[in-house]
Amino acid sequence: MEDVVPETVTTRSKAQLYDAFAASGKALASGRRLELLDLLAQGERPVDALAKAAGLNLTTASAHLQTLKQAGFVATRRDGVRIHYRLAGDDVAQLFALLRKVAERHQAAVPAARDAYLGDDGTPEVTREELLARVAAGDVVVLDVRPVEEYLAGHIPGALSLPVDELAGRIEELPEDTDIVVYCRGEYCVLARDAVRLLTERGRRAIRLDDGMLEWRLAELPVDTGGPA
């Protein structure tokens with residue numbers, strides 16, 4: 001006969017505490033919800049914009065966002081009939097970034113999936129520290145290839161905005177004799193890699209920041225908002 005531990009107020013309270021912790025884990029147990037957190041790490045957005053960016057229908061996106069809100073990961077504000085979502089705090093962005101790195105280190109499937117998605121642009125990378133030094137020296141152009149609304153919500157000071165889907169038609173706006181450092185949402189964002197490949201094919205000297213705006217913010221580096229002065 002198995003030993004049965006009698007329930008007490010203490011054991012019941014402990015179980016409730018760990019169940020409360022688990023509720024947060026359950027809210028994160030969806031790739032679609034993690035993608036929504038990734039988008040919200042770039043700035044506040046209304047539901048319809050989030051749905052479009054994530055490739056979800058409005059009903060599905062709203063349901064996922066409600067789950068994240070119930071777990072306390074996102075907050076909302078109303079503007080007329082529109083509901084805008086944002087991350088509930090920087091600690092949510094930190095948790096999201098840490099979750100990805102832990103998964104990459106300990107889940108065998110993650111590196112293969114990462115490589116299949118991101119590919120290999122075969123070009124040099126620079127760190128945030130190296131980029132800051134080169135910006136101070138004035139020998140690079142910094143290029144933000146995220147959608148315009150993400151750029152306006154926050155970007156590296158001095159960066160130019162040129163969304164990746166407009167890049168092919170506007171490449172002549174970029175210099176041929178200066179290194180161009182490209183960045184996008186974060187370490188696992190494909191936009192900068194796609195941009196580097198295109199720029200290199202068109203004869204530009206393109207380099208990729210080795211992570212992106214998520215990590216830049218979490219490092220508490222300077223961030224500008226709005227358009228160019």
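Here the structure is a predicted model, which is why all the values come from computation and not from measurement.
- Nearest heavy atom pair, residue Q42 against residue A153, reads O-CB, 3.5 Å.
- In this structure, R100 does not pair ionically with E187, as no charged nitrogen and carboxylate oxygen lie closer than 4.0 Å.
- The salt bridge (charged side-chain N to carboxylate O under 4.0 Å, His left out) contacts involving residues 135-144 comprise R134-D139, D144-R146, where partners must be two or more places apart or lie in separate chains.
- Listed here is the closest heavy atom pair of W216 and P222: NE1-O, 2.7 Å.
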Legend entry - Candidate pair R114 and E104, rule salt bridge (charged side-chain N to carboxylate O under 4.0 Å, His left out), full reasoning: CA-CA 9 Å; R114 176 203 60 205; E104 183 174 337; 2.3 Å; yes
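- Of the charged side-chain nitrogens involved, none lies within less than 4.0 Å of a carboxylate oxygen, so that E173 and R204 do not count as a salt-bridged pair.
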Legend entry - Residue pair D38, R185: steps toward the salt bridge (charged side-chain N to carboxylate O under 4.0 Å, His left out) verdict: CA-CA 8 Å; D38 193 14; R185 292 168 179 151; 5.8 Å; no
Legend entry - Worked verdict on D48 versus R82 for salt bridge (charged side-chain N to carboxylate O under 4.0 Å, His left out): CA-CA 9 Å; D48 53 343; R82 304 186 85 190; 2.7 Å; yes
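- Between D179 and V141 the shortest side-chain heavy-atom distance does not fall below 4.5 Å.
- In this structure, the side chain of E176 does not engage the main chain of G203 through any donor-acceptor pair within 3.5 Å.
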Legend entry - Step-by-step side-chain hydrogen bond (donor to acceptor under 3.5 Å, both in side chains) determination, H64 to R32: CA-CA 8 Å; H64 283 312; R32 303 293 75 74; over 6 Å; no
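- D194 has its side chain out of reach of L198: every pair of non-hydrogen atoms, C-beta onward, lies at least 4.5 Å apart.
- Contact check for V182 versus I207: no side-chain heavy atoms found under the 4.5 Å cut-off.
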